[in-house]
Asks: 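Pasting a structure here, questions to come.
Both backbone and side-chain heavy atoms feed into the values below; hydrogens, waters and symmetry mates do not. Note that the structure is a prediction, hence the values are computed from the model and not measured. Per chain, numbering begins at 1; letters A, B, ... match sequence-line order.
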Amino acid sequence: MGKQISFNHQKVESKWQKLWEEIGTYTPDIVKAKKAFYNLWMFPYPSAEGLHAGHAFSSTGSDVYGRFMKMKGYDVFQPIGYDAFGIHSENYALSINNHPKEMIARTTKYYEKQLKSLGHGYDWTRTVNTSEVDYYRWTQWLFAQMFKAGLAYRKAAFVNWCPSCKTVLADEQVIAGECERCGHKVETKELEQWFFRITDYADRLLGGLERIDWPEKIKIAQRNWIGRKEGINIEYKVKGRKEKIICWTSRPDTNFGATFIVLSPEHPFAQKLATKENTQKVKQYIKDSQEKTKEEREAEGREKTGVFTGSYAINDLNGKEMPIWISDFVLMEVGSGAVVGVPGHDKRDFEFAKRYKLPIIRVVVGSDNDKSPMTKIEQVQEEEGTMVNSGFLNGMNIAKAIGAMMDHIEKKGWGRKKTSYHLRDWLISRQRYWGPPIPMIYCEKCAQKSKSWFALKGISFKGVLHKDQSDWKHAGWYPEENLPVELPYLKNYQPKGTGRGPLAGHPKFYEVKCPHCGGTARRETDVSDTFLDSSWYFLRYPSVGIAESASSGSSSPAKRDDSATRTRHSAADFAWDPEITKRWLPVNLYFGGAEHAVLHLMYARFVTQVLYDLKHINFPEPFPRFFAHGLVIKDGAKMSKSRGNVVNPDEYIKKYGADTLRLYLMFMGPMDGYPDFRDTGIEGMRRFLERVWDLFVNNKDVILVEEKDSREVFVKMHQTIKKVTEDMEKFQYNTTISAIMEFVNLLREKAVYAESASSGSSSPAKRDDSATRTRHSASSYIRCAEWDEALLVLAQLLAPFASHLAEEVWVNVLGQKPSVHTSSWPSYTKEIAEKEEVTVAVQVDGKLRATLKLKAQNSKLKAEVVKAAKKEKNVANWLKGKETRKVVFIPGKLVNFVTK
RNA sequence: GGGCCAGUGGCGGAAUCGGUAUACGCGCACGCCUUAAGAGCGUGUGAGAUAAUAUCUCGUGUGGGUUCGAGUCCCACCUGGCCCACCA
């Protein structure tokens with residue numbers, strides 16, 4: 001008997017996990033659900049060696065909320081899947097010398113086992129794997145839609161190239177000059193690539209932020225990344241030449257202080273403007289700078305380099321000649337790739353001017369009133385001040401001067417206002433193997449025709465497709481209509497580093513007929529960015545199994561696709577079912593990491609807006625509510641393999657149980673914090689659960705709660721429900737659990753165990769040797785209803801966290817029908833939850849001198865409280881000989897005698 | 001360089017609106033139990049003064065301010081973290 005006290009987590013957990021799956025506890029009626037709640041956790045990529053404690057932390061945070069909503073009466077849908085396509089999985093496969101296809105098959109199995117062992121309430125009947133053809137045919141479909149809408153185009157550009165991953169990268173995927181995946185320094189290469197016109201959506205992505213419930217820091221990150229800035233393109237004539245240089249600036253007010261112009265080495269005029277004697281130097285400089293990586297450019301960073309072209313631009317404002325220089329601190333992708341140098345009011349310009357002894361003119365005087373010539377960088381006035389040496393602007397403040405100057409320049413025809421964005425088009429091609437082949441076909445013959453077509457129209461065609469939809473077919477590119485374009489199994493899938501993907505070595509794959517002229521054409525051999533896979537997965541989940549099952553044909557869904565006969569939105573043959581999508585989307589709560597602020601979260605919003613515009617869905621924002629969880633820290637640092645501080649949840653689940661781990665992870669700290677994982681902490685949590693278990697299984701021996709105690713238990717129960725309910729909504733699980741602990745502590749304190757009549761030496765009463773607990777003979781006391789209710793409530797409050805233990809006691813101890821997870825969340829009465837007796841603080845001049853224990857209603861009466869407070873010896877002492885000038889009274893809380 | 005966030009016991013962290021700072025847990029100490037150890041249970045635990053569970057002083061990174069009253073609000077600074085970064 002005595003040994004049975006210990007909670008056998010392995011037995012209990014596996015028992016319920018099996019049963020839940022059998023009876024479909026977490027599989028909602030996807031077609032008919034009335035109160036749909038789509039609770040989504042960012043799916044993981046199954047490339048590493050399984051889930052670590054960080055995954056367990058965030059997925060549990062999401063699961064706890066889903067379970068809570070379920071008990072609140074919602075039809076909760078919690079799907080799970082794998083972001084299994086893409087460079088991260090491929091790199092991992094390469095590192096372990098395994099084919100990604102096999103690696104994925106193995107790791108997804110392991111992930112599934114781990115996720116199940118954590119006891120999460122996922123709907124395992126609807127999973128997604130982005131590397132499976134049934135999924136990626138729609139990723140390809142999405143690409144084709146983008147192209148048809150004029151949102152996918154090719155252009156030659158200076159792009160980020162990772163020499164280690166041997167592929168190009170989007171701007172978002174370059175972190176501080178390094179590859180997001182492998183950490184290798186990124187270089188710049190000029191290549192022709194596929195882009196998505198995300199910049200067309202810049203303003204809408206910005207505007208949409210106002211309407212969604214996201215953490216402010218994520219919104220700010222997106223705003224900064226989009227980086228909308230008002231400015232002006234100023235056109236400068238070049239002395240003695242026909243070229244005009246356009247410089248974008250947000251600070252035209254300082255233009256009277258402009259003393260030079262700097263072009264990016266990649267600027268089309270960079271070489272052209274070099275005078276004869278400078279040509280050699282300029283050529284060399286351009287060549288040198290292009291060989292540098294971004295990192296190198298930056299490392300030399302503050303030490304500016306440059307070369308003079310020999311040409312001069314004219315500042316129309318004052319007719320001054322400005323030497324035109326070339327320097328690699330000016331980036332082609334920013335603004336217009338050319339900068340007007342105002343060294344007095346821009347630190348970088350100042351450094352450049354200093355280095356090459358260019359004149360520095362002050363045109364702004366700041367609040368320090370320094371009007372002296374500028375010789376030190378500290379004097380550079382960037383932020384605020386009053387205009388000087390600036391003609392008609394003199395005396396104006398900066399804000400006013402900017403407006404005045406912009407109007408002036410536009411009126412004179414020297415330039416045009418232009419809003420600039422930091423956001424750039426999404427580079428979507430990858431020269432890799434493990435991804436969806438870009439479903440496009442290129443026909444050289446058609447391309448030649450289109451070149452003449454462009455020539456006819458007077459458009460110089462440089463590989464950039466125009467937005468006008470009629471243009472695309474003239475560039476020789478056609479979207480593949482027979483989807484999917486299956487990724488062939490390649491044994492040697494290693495990236496080549498030639499600027500082309502591994503598929504380029506397989507004529508069987510790329511040799512196709514031109515869908516337009518029937519001639520020999522070539523299929524695109526690059527694959528798409530992995531972030532395209534994850535940009536729409538949330539649309540897929542609810543319809544998994546629905547779209548296919550509605551199909552009557554015997555052929556596989558992959559083969560059924562025939563664009564001519566396909567009705568786009570028929571349930572049988574589309575990525576998502578329109579009715580189900582209406583019911584379940586947008587996602588009600590998205591739970592994930594903040595590190596995706598300008599990656600996945602931005603791309604998913606963009607794709608959703610495009611699909612909304614193309615009328616494939618009826619909502620413009622995929623995630624109206626997003627919660628950004630924090631990270632688990634171990635030994636003071638972020639978990640990582642290289643640090644060797646990765647915590648594998650498996651061993652903890654085995655040793656202490658999933659319930660213990662779940663509770664501990666949620667108790668460590670707030671969900672958006674960075675709590676430290678400790679072994680001693682989890683042991684403490686196991687002890688807590690052991691005490692809870694003890695409370696339940698020995699429940700039948702509790703025979704008494706005294707009148708006073710039963711009331712206390714009852715009140716505490718209502719207080720606990722209130723606290724837990726409120727804090728759950730705010731994802732403050734740590735305080736939720738501490739409230740439950742307090743409740744458990746009280747129950748244990750008040751419990752009185754009977755001498756068991758039936759059992760002998762191993763009776764439960766023996767187990768507890770506390771001197772404070774009294775033992776009574778069973779005959780003289782009765783059980784109270786409050787006690788039984790308290791235990792039911794306790795099981796329910798624990799259910800989102802300790803799902804298995806709660807279920808076990810709910811069914812096998814408390815005799816309820818399964819499942820505690822479908823029972824309705826307990827309610828509380830506000831009046832009962834309010835304390836009956838309160839402690840009122842008594843202060844003299846703001847210092848605590850006594851506390852009063854008063855009945856709640858009395859504590860609200862000023863006269864009563866003041867009277868009682870003055871009676872307190874210590875208060876009287878402090879008031880002696882002083883004149884009370886004022887009495888501050890906060891009903892039910894505090895009284896403060898002011899004598900000063 | 002820019003943006004955002006945070007500094008509370010030995011540790012993780014509590015503290016709705018400005019109103020008893022340190023809830024809950026870990027750790028530690030002591031006690032009970034035990035032949036012993038462990039487990040379990042109980043008590044204590046911000047610092048200092050003190051015979052004292054009475055009482056007093058100090059105390060939420062530093063310095064100032066507002067207020068009857070500040071962890072919370074304002075100003076300046078210091079430290080740490082995260083994100084972005086030669087963005088014109």
Asks: For the atom pair CZ (A/Phe688) and CG (A/Leu798), what is the distance rounded to the nearest 0.5 Å?
Replies: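 If I round to the nearest 0.5 Å, the distance is 6.0 Å.
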
Asks: Should the heavy atoms of other residues, nucleotides or ligands under 6.0 Å from CZ of A/Arg355 be counted, would the total exceed 12?
Replies: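 More than 12 within 6.0 Å, yes.
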
Asks: Quote, to the nearest angstrom, the C1' distance that separates B/rG18 from B/rA70.
Replies: 6 Å

Asks: Could you state the CZ-P distance from A/Arg228 to B/rC87, rounded to the nearest angstrom?
Replies: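 Distance, rounded to whole Å: 20 Å.
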
Asks: Within a reach of under 6.0 Å around NZ of A/Lys417, are more than 12 heavy atoms found that belong to other residues, nucleotides or ligands?
Replies: yes

Asks: Looking at the side chain of A/Trp878, which of B/rU55, B/rC87, B/rG12 is the nearest nucleotide?
Replies: B/rU55

Asks: Is it possible for you to check whether A/Lys304 lies under 6.0 Å from the centre of the six-membered ring of A/Phe352, through NZ or CZ, and within 45° of that ring's axis?
Replies: no

Asks: Over all heavy atoms of both residues, which pair between A/Tyr603 and A/Ala170 is shortest? Give the atoms and the distance, please.
Replies: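 Smallest heavy-atom distance, with atoms named: OH-CB, 3.7 Å.
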
Asks: Tell me if a side-chain donor or acceptor on A/Gln732 pairs with a main-chain N or O of A/Pro670 at a distance below 3.5 Å.
Replies: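 Side chain of A/Gln732 to backbone of A/Pro670, a donor-acceptor pair under 3.5 Å: no, none is there.
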
Asks: Quick check for you: to the nearest 0.5 Å, what is the distance between A/Asp845 atom CG and A/Trp878 atom CH2?
Replies: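 One gets 9.0 Å once the value is rounded to the nearest 0.5 Å.
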
Asks: Reading nucleotides 1-6 of chain B 5' to 3', which nucleotides get B (base under 4.0 Å from a protein heavy atom), which S (sugar-phosphate only), which -?
Replies: --SS--

Asks: Would you please confirm or rule out a distance under 4.0 Å between OP1 or OP2 of B/rG40 and any side-chain N or O of A/Arg687?
Replies: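 A/Arg687 to B/rG40 OP1/OP2: side-chain N or O found under 4.0 Å.
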
Asks: May I ask you to verify if any side-chain N or O of A/Arg748 is less than 4.0 angstrom from the OP1 or OP2 atom of B/rC41?
Replies: yes

Asks: What's the gap between B/rC33 and B/rG40 when it is taken at their C1' atoms, as a whole Å value?
Replies: 9 Å

Asks: Quick one: A/Glu180 CD to B/rA85 P, roughly how many Å, whole number?
Replies: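 Distance check: A/Glu180 CD to B/rA85 P gives 12 Å.
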
Asks: Taking only side-chain nitrogens and oxygens of A/Lys886, does any of them come within less than 4.0 Å of OP1 or OP2 of B/rU67?
Replies: no

Asks: Under 4.0 Å between any heavy atoms, over every strand shown, what does A/Ile175 touch: base, sugar-phosphate, or nothing? Just pick one.
Replies: sugar-phosphate

Asks: Tell me which nucleotide among B/rU20, B/rG12, B/rC24 gets nearest to the side chain of A/Asp676.
Replies: B/rG12

Asks: With respect to the side chain of A/Gln843, which nucleotide from B/rG19, B/rC58, B/rC24 is positioned closest?
Replies: B/rG19

Asks: In whole angstrom, give me the gap between the P atoms of B/rG3 and B/rC77.
Replies: 13 Å

Asks: Looking at B/rG19, B/rC56, B/rC58, which one has an atom nearest to any side-chain atom of A/Asn896?
Replies: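 Shortest atom-to-atom distance from the side chain points to B/rG19.
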
Asks: Taking syn as a glycosidic torsion within 90° of 0 and anything else as anti, which one is B/rC11?
Replies: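 What B/rC11 shows is an anti base, its glycosidic angle lying more than 90° from 0.
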
Asks: What nucleotide among B/rU20, B/rC24, B/rG12 has an atom nearest to a side-chain atom of A/Glu742?
Replies: B/rC24

Asks: Looking only at side-chain atoms of A/Asn734, point me to the closest of B/rC24, B/rA14, B/rC84.
Replies: B/rA14

Asks: What is the minimum heavy-atom distance between A/Ala353 and A/Ile360, and which atoms define it?
Replies: CB-CG1, 4.0 Å

Asks: Could you check whether the side chain of A/Glu690 and the base of B/rG40 have a donor-acceptor pair of N or O atoms closer than 3.5 Å, going by distance alone?
Replies: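 Under the 3.5 Å cut-off, the side chain and the base do not form any donor-acceptor pair.
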
Asks: For B/rG40, take OP1 and OP2 only and decide whether either is under 4.0 Å from a side-chain N or O of A/Arg686.
Replies: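 For B/rG40, neither OP1 nor OP2 has a side-chain N or O of A/Arg686 closer than 4.0 Å.
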
Asks: For the pair made of CE in A/Met668 and P in B/rA14, what is the distance, rounded to whole Å?
Replies: 12 Å

Asks: Is it true that A/Arg251 and A/Glu382 have a side-chain N and a carboxylate O under 4.0 angstrom from each other?
Replies: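 Salt bridge absent between A/Arg251 and A/Glu382.
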
Asks: Looking only at the side chain of A/Val334 (C-beta and beyond, no hydrogens), which of the listed nucleotides B/rA85, B/rC87, B/rG19 gets closest?
Replies: B/rC87

Asks: On RNA chain B, does the nearest nucleotide to A/Asp346 precede the nearest nucleotide to A/Ile890 from the 5' side, or the other way round? Give the residue.
Replies: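 Here A/Ile890 is the residue nearer the 5' end.
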
Asks: C1' atom, B/rC32 versus B/rG13: distance in rounded Å?
Replies: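 B/rC32 and B/rG13 have their C1' atoms separated by 31 Å.
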
Asks: Within this structure, what is the CD1-to-P distance between A/Ile633 and B/rG80, rounded to whole angstrom?
Replies: 17 Å

Asks: What does A/Phe688 touch in the nucleic acid at a heavy-atom separation under 4.0 angstrom: a base, only the sugar-phosphate, or nothing?
Replies: nothing

Asks: Using Watson-Crick or G-U wobble pairs with both distances under 3.5 Å, give me RNA chain B in dot-bracket, 5' to 3', with [ ] for crossers and | for pairs to another strand.
Replies: (((((((..(((......[....)))((((((.......))))))((((.....))))..(((((..]....))))))))))))....

Asks: How would you label the contact of A/Asn874 with the nucleic acid (heavy atoms, under 4.0 Å): base, sugar-phosphate, or nothing?
Replies: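 Contact class for A/Asn874: sugar-phosphate only.
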
Asks: Please determine, for the side chain of A/Arg424, which listed nucleotide (B/rG40, B/rC87, B/rG19) has the closest atom?
Replies: B/rC87

Asks: I'd like the P distance from B/rC28 over to B/rC83, given in whole Å.
Replies: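 Roughly 35 Å separates the two P atoms.
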
Asks: Using a cut-off of strictly less than 4.0 Å, decide whether A/Arg691 has a side-chain nitrogen or oxygen near OP1 or OP2 of B/rG40.
Replies: no

Asks: How would you label the contact of A/Gly684 with the nucleic acid (heavy atoms, under 4.0 Å): base, sugar-phosphate, or nothing?
Replies: sugar-phosphate

Asks: Rounded to whole Å, how long is the line connecting atom OH of A/Tyr674 with atom P of B/rC83?
Replies: 8 Å

Asks: How close do A/Ala628 and A/Asp672 get, heavy atom to heavy atom, and via which atoms?
Replies: O-CB, 3.6 Å

Asks: Using atom P in both nucleotides, what's the gap between B/rC11 and B/rG48 to the nearest angstrom?
Replies: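 Result for the P pair: 16 Å, nearest Å.
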
Asks: Looking at the angle O4'-C1'-N9-C4 for a purine or O4'-C1'-N1-C2 for a pyrimidine, is B/rG7 syn or anti, with syn meaning within 90° of 0?
Replies: anti

Asks: Calculate the interatomic distance between A/Asp845 atom CG and B/rA70 atom C1'; express it in whole Å.
Replies: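 A/Asp845 atom CG is separated from B/rA70 atom C1' by 16 Å.
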
Asks: Answer yes or no: does a side-chain N or O of A/Arg348 lie under 4.0 Å from OP1 or OP2 of B/rC87?
Replies: yes

Asks: Between P on B/rG10 and CZ on A/Arg678, what's the gap in Å once rounded to a whole number?
Replies: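 It is 14 Å, rounded to the nearest whole Å.
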
Asks: Let me know the distance between CG of A/Asp727 and P of B/rU16, rounded to the nearest Å.
Replies: 11 Å

Asks: In whole Å, measure the gap between the P atoms of B/rA15 and B/rG71 for me.
Replies: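 B/rA15 and B/rG71 have their P atoms separated by 16 Å.
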
Asks: May I ask you to say what A/Arg223 touches in the nucleic acid, namely base, sugar-phosphate or nothing, with a heavy-atom cut-off under 4.0 Å?
Replies: nothing

Asks: Side chain of A/Phe667 only, heavy atoms from C-beta on: which candidate in B/rG25, B/rG19, B/rC87 is closest?
Replies: B/rG25

Asks: When rounded to the nearest Å, what value does the distance between P atoms of B/rG81 and B/rC74 take?
Replies: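 Result for the P pair: 25 Å, nearest Å.
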
Asks: For the side chain of A/Thr851, starting at C-beta, report the closest nucleotide among B/rG42, B/rU20, B/rC87.
Replies: B/rU20

Asks: Without swapping roles, check the side chain of A/Lys219 against the backbone of A/Leu209 for a donor-acceptor pair under 3.5 Å.
Replies: yes

Asks: How is A/Thr839 classified with respect to the nucleic acid when contacts are heavy atoms under 4.0 Å: base, sugar-phosphate, or nothing?
Replies: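 Base contact - A/Thr839 has a heavy atom under 4.0 Å of at least one base atom.
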
Asks: Indicate yes or no: at least one non-hydrogen side-chain atom of A/Phe667 is less than 4.5 angstrom from one of A/Ile740.
Replies: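 No, too far: nothing below the 4.5 Å cut-off.
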
Asks: Answer yes or no: is there a donor N or O on one side and an acceptor on the other, between the side chain of A/Glu690 and the main chain of A/Phe7, under 3.5 Å?
Replies: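 At least one qualifying donor-acceptor pair exists.
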
Asks: With a non-hydrogen cut-off below 4.0 angstrom, is A/Asn745 in contact with a base, only sugar-phosphate, or nothing?
Replies: sugar-phosphate

Asks: Give a yes or no on whether a salt bridge exists between A/Glu216 and A/Arg223, defined as a side-chain N under 4.0 angstrom from a carboxylate O.
Replies: yes

Asks: Specify the residue among A/Lys847 and A/Lys873 whose closest nucleotide of RNA chain B lies further upstream toward the 5′ end.
Replies: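 Nearer the 5' end of the strand: A/Lys873.
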
